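Just so it is clear, the structure is predicted and the values come from calculations on it, not from any experiment. Numbers here are sequence positions counted from 1.
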Amino acid sequence: MSSYQVVRSFWSFLSTTDLEEEAISIGEASTEVLENFKKNFDVVLLDKSGCYNVCAFLNVEVYRKVKTESQFAIKLLDDNKNDSFHKLFLMKYPFFLQYDLVIDLTKSLPLKKYSIKVEELAKNIGYKNLIIIKNISKIIQKGLGKRILNFVPRLELETDGFVFEKLFFGVNLNPDEAFNILELGPSLNDHIAAAEFRSFWGHLSSDRRFRDGSTNVAVHFKTNTIKAKRGIIRKILNFIIGEKLELKFDLHYDELEEILAIKKIVPSYPSGTNEETTLKIIQASDEIGKQLRSMQMSLKITGVQGITDTFCFADMFPQIPTNYEVGKVTTVRDNSIVFSTEKCEVVPRFIKPVECVLQLEHSSKWPNDLEALHHIKTSFYLEISRNLQSHKIISHVTPEFLDVFFQGLVFRYRLYVPKEVTLVKKSITENGITSFRDSLHSFNLENVLNVTPKIVGALKGVQSLYPSFGPGTALVKRWLRSQLIDDYYFPDIVIDLLNASLYLNNSFSPSNTPQISFLRFLKFFSEFDWNLQTVLVNFNEDITNEEIVALETKLQQNRDGYQPLYIITSFDQGLSVFTKYVPSKEILYRVKELTKISLNFIGNIHMGLIHTGIKELFIPNLEGYNLLIHLRSQMNSRRHEQIVFGNVTNRVIVEKYKKNSTRQIADYRF
């Protein structure tokens, strides 16, 4: 057998054999002997003598973790579209990156409090602490129940090899059950089981009657945001470890989610991270989209597609619905907002419009003249505006786009006419010869109005499969922007695609929390070699193996002739249109160094090597610059996006949107 066949056979054996249920022996052993060992040990593998269990001290959770990793390895080997050798043998995964959360019980060492049964001690001579850890694990797992898939201990011993120096538990969450708000217990008719449930959950439990008439003892976790639902895990662990077991612990789980909360601006509705506001925007967009498609027009609107990362939950600062009014500070002049007085103490808050693309039914009557086509597009904007006015919806027309104020939100719509792209490429030489050449204008037009809607729609699908994708990507952007690398140097959509590739390419097991999604992005980029590797974002498996190989071969034959970062998708014919001009090599090197340092910093915190706040990652290092320009806070229209640690005293509560509010101005300009 080749080395590949040997390792594949080994992984196949581990992934398909259940040593918890089926005791096995290297030598000859009777069924009676195997059953006797099985009653006394979690995992049984007898040596040749048939008298010694080589897995006697193997923690069953470690075995399950190895089994899961073996299944993952087989899956990678069978996936021909991935570089399985690199992922299996060259990429190192630190402990804190393998799990959705890490419990650190080092502060509670040594574990002297718990009594051990004599029969357990007899089977674990010399390893008394392993019994204590096993018993603690059982209690914590009983509380977490179906919410977790793996609960794996990690022990670090002192030099003598007997005393625990550090103790961690790594936890992989079950995405289907982890954030359930109800822990359902037994029926009230089952008095013994109900009493046992109450005894375990204490003050958290209560008797409940459900709509179907059933009565059960249960634990109900009150939540009003998606962030609060993720916080259920923390509540359970605080109760079990802190109150029930009375142990001191640190939990590395959701500390960074606070970064996504805008503390200076508070919506009128419950809001945790960016998800609640995003849901309101998508709901309003769907509603106004229905009205647009139902309009009676000269050419019917057939499609409304979003082109901002709000639609895939990856926007750091989604627009908050509210009422607006024209104040005394600014006024509108020739489609520009200008200050109405020379002395301005504070500028209004920046409002980012929700951008969408409108698609019309096919027509062969579009003119061949570019300027005439632009005038007809403007006439369509005017026609849409008149239709909206009949529904008492405020809108504002410009030659380039249509702004609509709906349910307290500003939507910006642009018409996509395929013929416009062709006319922009068209040029006539001095000899009267007509030619079609790509230009920066045609490139941007095709990119924004045709490719981006498809990408955003596909990213929305990724978000629906993996709810941590959107807020996790927003966390990556928040970190990158805090390092003074803005959208001009590293576009938002490039970050979206890079993080989506981690979910689609089986680089890791899917992340179930925004924080681990962010940390795994740092790991990916810190080791990514853009000179040798491409980034494959294969939505719906639309790109075949042959196409991938052909693109990668073409790229390697003339690597200097292509952009530094190359992202392959099925929507741009493999041209990597979003990285054609940015990011540059200098920016990529800078980001790679930042990810290495940041990942090392976080790893040291998680493993207890340093004691400092993880949020310091989001404070930029201002050393090394020749010039620093400090902006006056009151003159910064995005001052509310500042990262604030701790509590904020001067918060502004955004007024709840009211449709018939007098604050809506009929001739408002956005």
Side-chain angles (χ1 to χ4, degrees), residues 94-107 140 144 147-148 154 166-173 178-179 221 223 225-242 247-264 271-276 316 467-483 499 508 511-523 594-595 597-620 641-648:
F95 180 77
F96 68 93
L97 286 181
Q98 297 179 33
Y99 303 96
D100 294 308
L101 62 97
V102 174
I103 303 170
D104 184 357
L105 287 177
T106 303
K107 292 180 180 178
I140 299 175
L144 293 173
R147 299 175 189 271
I148 62 172
R154 174 188 171 94
K166 295 179 182 179
L167 172 60
F168 304 94
F169 288 100
V171 183
N172 287 124
L173 298 176
F179 311 124
F221 299 96
T223 61
T225 65
I226 299 176
K227 180 178 182 294
K229 282 189 175 183
R230 290 193 289 266
I232 290 174
I233 298 295
R234 181 178 288 273
K235 288 181 180 179
I236 293 174
L237 293 175
N238 284 336
F239 171 75
I240 296 175
I241 303 177
L247 295 174
K248 296 179 180 178
F249 73 103
D250 291 321
L251 180 61
H252 304 292
Y253 172 51
D254 57 356
E255 310 95 288
L256 293 181
E257 290 190 31
E258 186 183 352
I259 301 296
L260 291 178
I262 304 179
K263 295 186 176 181
K264 290 192 172 185
S271 176
T273 52
N274 64 340
E275 290 145 303
E276 284 72 33
M316 294 179 288
S468 66
F469 166 73
T473 306
L475 204 53
V476 174
K477 296 174 185 176
R478 192 71 157 141
W479 170 77
L480 200 57
R481 303 305 177 233
S482 69
Q483 309 304 321
N499 205 26
F508 303 92
S511 304
N512 292 311
T513 66
Q515 180 162 309
I516 196 64
S517 175
F518 164 67
L519 298 181
R520 288 175 177 177
F521 178 90
L522 296 183
K523 169 68 175 176
L594 286 171
T595 54
I597 295 170
S598 299
L599 198 63
N600 183 59
F601 176 76
I602 295 170
N604 289 335
I605 292 176
H606 280 196
M607 303 312 293
L609 300 178
I610 58 176
H611 303 281
T612 185
I614 194 173
K615 297 168 187 173
E616 292 186 13
L617 281 175
F618 295 81
I619 301 175
E641 298 174 1
Q642 175 187 1
I643 294 178
V644 179
F645 301 114
N647 297 323
V648 179

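Between L167 and I103, the closest side-chain pair of non-hydrogen atoms is not below 4.5 Å. The shortest side-chain heavy-atom distance between V102 and V171 does not fall under the 4.5 Å cut-off. You'll find the side chain of L237 reaches within 4.5 Å of the side chain of I140, heavy atoms only. Looking only at side-chain heavy atoms (C-beta outward), F168 and L105 stay at 4.5 Å or farther from each other. Under the 4.5 Å side-chain criterion, counting only non-hydrogen atoms from C-beta, D104 is not in contact with L251. With contacts defined as side-chain heavy-atom distances shorter than 4.5 Å, the pair R154/M607 qualifies. In this structure, the side chains of F169 and I241 stay at 4.5 Å or more apart for every pair of heavy atoms. Contact annotation: the side chain of Q642 never approaches that of K263 to less than 4.5 Å [non-hydrogen atoms, C-beta and beyond].
Considering every non-hydrogen atom in both S482 and P620, the closest pair reads O-CB, 2.9 Å. Shown here for F96 and L519, the closest heavy-atom pair between the two residues is CD1-CD1, 4.3 Å. A pairwise comparison of heavy atoms in P514 and S468 identifies N-CB, 4.0 Å as the closest pair. Shown here for A261 and G272, the closest heavy-atom pair between the two residues is CB-O, 3.6 Å. K235 and F221 make their closest contact through CD-CD2, 4.3 Å (heavy atoms, listed as atom of the first residue, atom of the second, distance). Nearest heavy atom pair, residue A178 against residue R147, reads O-NH1, 2.9 Å.
Under a 3.5 Å cut-off, the side chain of K227 and the backbone N or O of S271 do not form any donor-acceptor pair. Checked by atom type and distance alone, the side chain of D254 never pairs as donor or acceptor with a backbone atom of L101 at under 3.5 Å. For R520 (side chain) and L97 (main-chain N/O), a donor-acceptor pair under 3.5 Å exists by modelled atom type. Under a 3.5 Å cut-off, the side chain of E276 and the backbone N or O of T225 do not form any donor-acceptor pair. Checked by atom type and distance alone, the side chain of S598 pairs as donor or acceptor with a backbone atom of L594 at under 3.5 Å. In this structure, N512 contributes its side chain and L173 its backbone to a donor-acceptor pair below 3.5 Å.
Residues E275 and T273 bring a donor and an acceptor atom of their side chains to less than 3.5 Å of each other. T473 and N499 are linked by a side-chain donor-acceptor pair at a separation below 3.5 angstrom, with hydrogens and angles left out of the test.
In this structure, K248 places its NZ atom where only 12 or fewer heavy-atom neighbours from other residues, nucleotides or ligands lie under 6.0 Å away. The 12-atom threshold is exceeded at NZ of K264, counting heavy atoms of other residues, nucleotides or ligands nearer than 6.0 Å. By the neighbour-count criterion of 12 heavy atoms within 6.0 Å, atom NZ of K229 is sparsely surrounded, having that number or fewer from other residues, nucleotides or ligands.
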Evaluation steps, side chain to side chain contact (heavy atoms under 4.5 Å, CB included), between Y253 and I516: CA-CA 8 Å; Y253 172 51; I516 196 64; over 6 Å; no

For N274 and M316, run side chain to side chain contact (heavy atoms under 4.5 Å, CB included): C-alpha distance rounded to whole Å, both residues' side-chain angles, the deciding distance at 0.1 Å, then the answer. CA-CA 7 Å; N274 64 340; M316 294 179 288; over 6 Å; no

Criterion side chain to side chain contact (heavy atoms under 4.5 Å, CB included) on F618 and L475, from CA distance to verdict: CA-CA 10 Å; F618 295 81; L475 204 53; 4.3 Å; yes

Taking it one step at a time, do L256 and W479 satisfy side chain to side chain contact (heavy atoms under 4.5 Å, CB included)? CA-CA 10 Å; L256 293 181; W479 170 77; over 6 Å; no

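Salt-bridge check for E257 with R230: passed, with a basic side-chain N closer than 4.0 Å to an acidic carboxylate O.
Ring planes of H606 and H252: parallel class, angle under 30° (limits at 30 and 60°).
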